[in-house]
Amino acid sequence: MLGTRTRQAEEVRSSTAQDKYLTFRLGEEEYGLEVEKVQQIIGLTDITPVPRMPKFVRGVMNLRGKIIPVVDLRLKFGMEDLSNLERACIIVVEVPRQTERVQIGMLVDSVSEVLIIKKENIEDPASFGPEYDVEFIRGIGKVGEGIKILLDTDRVLTVSEVASVSQSKSGSPASLEPVEVS
Amino acid sequence: MQEDHAMERLERLSEAVVFADPSNPKSLAAVYPRLLEFLDAEQGDVPREVSEALSRLRRLLDKHLSGQGPLDPGRVVDILGQTLCAVQEALRQGTRLDLSVLPQEIGSPIETSGRDYPKGIELPEYIDEAIFAEFLARQPGVLVEMEQLVLALEQYEDPERLAELKRMIHTLKGEAALLGLGDVETLCHATEDALAKHGVVKIVDPLLAVLDWLNRTFEWCSSKGPVPEPVAEILGVLNQDRSSCSEAQARRETVEVRPVPSGNELPSPQGTGPLSDFLVESRGLLTSLAGCLSVLEQDATNREALQSAAKALHRLKGAASFVGLEPIEGLAMDLCQVMNRALRKKLRLDQAAVDLSLECLETLRSMVRQQEEGSSEEVIDSERLQSLRDRVKTAGLPFAPPPVEPLDQKAIPEPVVEKAPEADLENSQRAARALDGEMVSQKPEELKPHAVEVREAIRVDAGRLDRLIDMVGELVITESMVAQAPELLSVSSQEVLRHIGQLDKITRELQEIATSLRMIPIRQTFQKMARLVRDLARKAGKTVEFTMIGEDTELDKTVVDRIGDPLVHILRNAVDHGIETRAEERERLGKERVGRIELRAFHKGGNIHIEVEDDGRGLDREAILSKAREKGLAPLVEGLTDREIMALIFEPGFSTARTVTGVSGRGVGLDVVKRSVESLRGRVEVRSEAKKGTLFTIQLPLTLAIIDGMVVRIADQRYIVPTLAVVRSIRPKPHEVQTVLNRGEVMMIEGDLVPLIRVDQLFEISGAAKRPEDAIVMVVEEDGRRVGLIVDELLGQLQVVMKSIAESMQKVQGIAGGAIMPDGRVGLIMDIGGLVQLGHSQGIQAQEVEHVGN
């Protein structure tokens with residue numbers, strides 16, 4: 001009984017959440033990602049650089065005792081490094097990795113607002129030209145005069161991508177067993 | 001005086017009776033503890049008749065409280081009142097209590113002390129209290145599980161669930177039989193019969209009644225509840241709707257009805273069916289059996305081992321019979337019988353008997369394995385199995401008198417005991433009960449249930465446990481961040497400071513508990529070693545006395561699981577190459593003929609040490625040296641200390657054994673040991689004296705989660721180097737560092753050319769010291785290779801909780817993990833092995849080749 005009720009509640013909640021997007025700025029562009037993917041937003045904290053990682057991996061940070069990686073979306077999208085970090089934020093999202101879900105921080109210029117963008121206002125990225133037709137762009141949302149580039153977080157931060165970059169860089173196969181921490 | 005005490009107790013008892021509300025049956029329960037109190041107290045101070053009267057009251061209450069009493073509550077209160085009045089009167093007057101004046105319901109003792117009445121738990125003498133307590137601790141969980149099964153089956157008769165229920169009842173029956181709980185055993189048996197006859201749906205209520213009765217019985221056994229009603233009543237409930245059939249018939253029927261699927265029809269082992277349950281269970285049982293047997297080999301009369309062996313075999317028998325694996329069932333039964341007879345001192349286990357038991361163990365193992373693999377191929381044909389069983393039946397020697405000289409087992413044909421072990425047990429129980437009954441009639445205080453302390457244990461999901469341990473680790477860090485916050489210095493409130501002190505104390509304690517949660521005794525691994533040494537020695541034709549010390553030393557579970565392989569290697573070496581082949585050789589050297597190997601585990605300086613010591617040949621220094629030269633392993637062997645020479649045996653491809661035996665000397669050797677110990681962040685060392693023996697020491701951290709680290713600075717970044725890897729740190733002088741072939745730098749340290757690694761270059765950190773003389777060379781060792789890491793500064797030592805950073809990224813080469821530093825930031829822990837490899841690929845192979853020769 002209880003189970004069904006919670007499930008129903010979940011459905012109601014998620015159906016409304018589907019249209020909600022958290023928007024943020026990267027340079028002059030506005031981006032958005034589904035609110036339900038967002039775990040929390042924190043101000044810029046100390047990030048420890050991790051060697052031999054692609055440039056866009058800023059490093060790792062301490063999120064309440066867990067160590068999570070931080071990806072700089074500017075660098076990821078080939079933009080210039082942000083000089084003024086005053087308003088910079090880290091959006092913590094959860095992305096799937098094999099069987100589990102892991103948390104990843106995304107460094108953005110600033111967080112704007114939460115918007116409701118209805119499905120009918122979202123267009124196929126391909127129609128905006130080939131430069132938008134990339135795997136991790138989910139669609140282009142039209143809000144008033146402006147557009148928001150809606151990201152597919154699951155893909156924008158796929159591990160395989162992170163991994164492949166790091167491997168091509170180190171140039172030698174991983175040698176030791178993965179470290180197990182109990 | 002004595003009477004006064006008794007009077008006081010009586011007073012309290014009467015009070016309870018007065019307050020009892022006849023209309024509320026539960027209120028009578030409050031009387032019960034008072035009554036127990038009276039009876040439990042020293043019995044010497046009241047006349048025998050008084051105790052008798054009160055014992056009768058207690059039985060009346062027992063019956064009444066368990067809902068079986070024929071009387072209404074009002075009448076019970078009356079009886080209580082009247083009896084207590086009479087007792088008080090008698091005590092006050094100092095006269096003898098006339099039992100005949102008591103209310104007629106309890107006037108005669110016969111009615112309440114019928115044959116089926118449980119008479120307090122009298123454990124068979126061979127049963128350890130601890131085993132009984134463990135059994136009792138498990139039962140509530142088992143009963144709840146059974147209840148759930150029954151209820152689920154009421155809805156839908158799922159054959160798998162039914163099988164599970166039957167298996168559980170059968171197991172309980174076996175355990176009860178072993179523990180001498182005759183009533184429980186009888187009831188379980190009857191329940192099995194009833195299940196086979198009627199299925200579940202028709203007898204749900206009786207089944208639940210059975211479970212309730214069992215629950216009450218176990219509560220009573222743990223001194224938590226009143227005496228349950230006699231088993232006969234509950235048997236009556238169970239058999240209500242059954243035609244009168246003799247037990248023998250029922251037994252036969254059971255066999256027919258019970259599903260006996262052949263091996264091929266059984267569900268696959270991956271499933272959750274009865275077979276997979278059986279496989280899981282039997283694996284555990286066989287392991288514990290193996291442990292017991294190795295103990296028995298040393299000491300054939302060890303009761304604990306015999307008991308556990310008998311228990312394991314009995315359960316195996318039950319489990320096997322349940323899934324219809326008759327060969328396993330039969331063999332387990334025969335062997336169980338041998339153990340039981342040895343327990344009852346009817347037979348003495350000799351070497352041949354232990355060997356035979358081990359053979360049985362192997363056979364059982366392979367039969368189980370065959371089921372696991374699902375192959376239909378017979379592991380052992382029925383003829384051989386029969387002959388094995390026949391031999392088992394005649395195993396052992398009569399207990400007394402001990403034979404003057406070892407005799408061939410066939411020379412003394414032991415009369416085959418036809419009775420099944422349970423039947424045998426039953427008899428002895430009956431005898432015990434009869435004896436018990438006699439004692440009861442004389443000394444009513446013997447009615448006291450056998451009290452055992454029950455320690456409760458909860459099985460917890462390992463993942464949750466790890467998360468808890470993680471969180472405690474975080475708490476410790478956060479706490480120290482708070483406690484060391486500079487703002488606190490300005491706080492003058494004593495109160496706050498005291499609270500912080502208290503917080504600190506609690507946090508430390510919590511951390512201690514958390515670390516201990518994952519710790520288990522190393523016993524399990526040690527037991528396997530005992531067996532291994534025995535088999536190896538036998539194969540090599542050597543006599544070896546194997547001793548274990550500190551099996552109870554606790555280690556992280558991961559370590560206990562993974563330390564087995566290195567130990568196997570070391571022990572193989574000890575048996576194969578350590579201990580002299582011929583006893584004469586040992587005698588000539590003034591040693592005992594029997595070789596000695598000792599396996600020890602103990603705490604030392606915050607670490608766990610595991611040592612393997614043998615008194616064999618010892619390591620031949622010259623042989624190692626010449627081997628090293630031959631292999632080109634050590635270009636500078638001449639300057640090495642003894643210890644360094646010994647350490648060479650851990651190099652890959654190193655084996656001084658002249659002959660290759662079945663198990664060791666094949667070139668894969670101690671380097672594997674070293675590597676696996678190091679993967680547990682441990683260290684292995686060897687010390688040896690020629691002709692005297694060898695000592696291997698494995699040093700392991702207490703837990704894997706916390707590591708000792710040295711914090712170093714490179715430019716503006718901090719890294720943690722595991723302290724275990726650090727050999728020393730030097731500030732080099734300008735001329736000491738040389739560039740080789742323009743490809744890498746080396747430094748001469750203690751006559752060794754050590755390649756240097758510029759960590760800043762590998763990790764692409766800018767701003768680090770350019771000249772070596774401005775930096776520090778930290779010499780680290782990994783896999784026997786030494787390298788020098790160039791870092792800017794040593795910042796100090798630190799204990800950190802190691803965490804994975806690879807959860808969301810692929811493994812980062814050169815980084816073993818991360819840790820939250822005391823300032824809350826993340827510090828990265830260097831992986832020395834990875835760094836060395838990285839260094840390699842960046843062009844310092846030249847020196848490496850020269851250094852280690854591979």
Side-chain angles (χ1 to χ4, degrees), chain A residues 45-71 92-106 153-154 157-182, chain B residues 462 465-466 469-471 473-475 477-478 518 556-559 679 703-705 707 714 716-719 759-760 762-765 801-821 823-831 833-834 836-838 840-842:
Chain A
T45 61
D46 288 316
I47 299 173
T48 303
V50 178
R52 311 181 61 75
M53 274 279 133
K55 263 268 156 350
F56 64 84
V57 179
R58 275 274 180 158
V60 288
M61 60 170 277
N62 170 12
L63 180 76
R64 274 178 295 125
K66 272 185 98 171
I67 298 178
I68 67 162
V70 179
V71 170
V92 180
V93 294
E94 216 184 36
V95 298
R97 186 216 180 194
Q98 281 151 25
T99 53
E100 39 179 358
R101 299 187 69 83
V102 297
Q103 292 173 311
I104 288 182
M106 301 192 304
T153 39
D154 286 1
L157 300 171
T158 43
V159 186
S160 60
E161 196 176 3
V162 174
S164 65
V165 180
S166 79
Q167 281 221 327
S168 67
K169 195 161 185 189
S170 70
S172 64
S175 55
L176 292 159
E177 301 256 307
V179 180
E180 268 175 39
V181 176
S182 53
Chain B
L465 198 61
D466 287 346
I469 296 168
D470 267 6
M471 291 311 293
E474 286 329 307
L475 181 67
I477 289 164
T478 318
R518 274 191 64 89
D556 191 287
K557 187 166 184 308
T558 319
V559 182
S679 76
T703 114
L704 290 182
I707 68 161
I714 300 162
D716 58 347
Q717 294 185 20
R718 288 176 307 178
Y719 282 89
V759 184
D760 58 327
L762 280 186
F763 284 176
E764 291 152 2
I765 304 168
V801 179
M802 180 147 133
K803 295 180 178 283
S804 162
I805 61 161
E807 224 175 68
S808 41
M809 314 185 218
Q810 205 83 354
K811 173 153 178 66
V812 190
Q813 208 178 6
I815 300 295
I820 312 285
M821 306 287 275
D823 62 3
R825 288 166 62 176
V826 178
L828 297 178
I829 301 166
M830 285 191 193
D831 166 20
V836 171
Q837 271 199 340
L838 257 181
H840 253 248
S841 57
Q842 307 242 332

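Below, chain A is the first sequence line, B the second, and so on; all start at residue 1.
Not counting sequence neighbours, the partners of P49(A) by the side-chain contact (heavy atoms from CB on, under 4.5 Å) test are Q717(B).
The structure places CZ of R825(B) at 9.5 Å from OG1 of T45(A), a figure rounded to the nearest 0.5 Å.
Contact record, E764(B) with R52(A): OE1-N, 4.5 Å, taken as the closest heavy-atom pair. Of all heavy-atom pairs spanning N62(A) and V826(B), the tightest one is N-CG2, 3.4 Å.
Considering only heavy atoms from C-beta on, P51(A) comes within 4.5 Å of I815(B) through its side chain.
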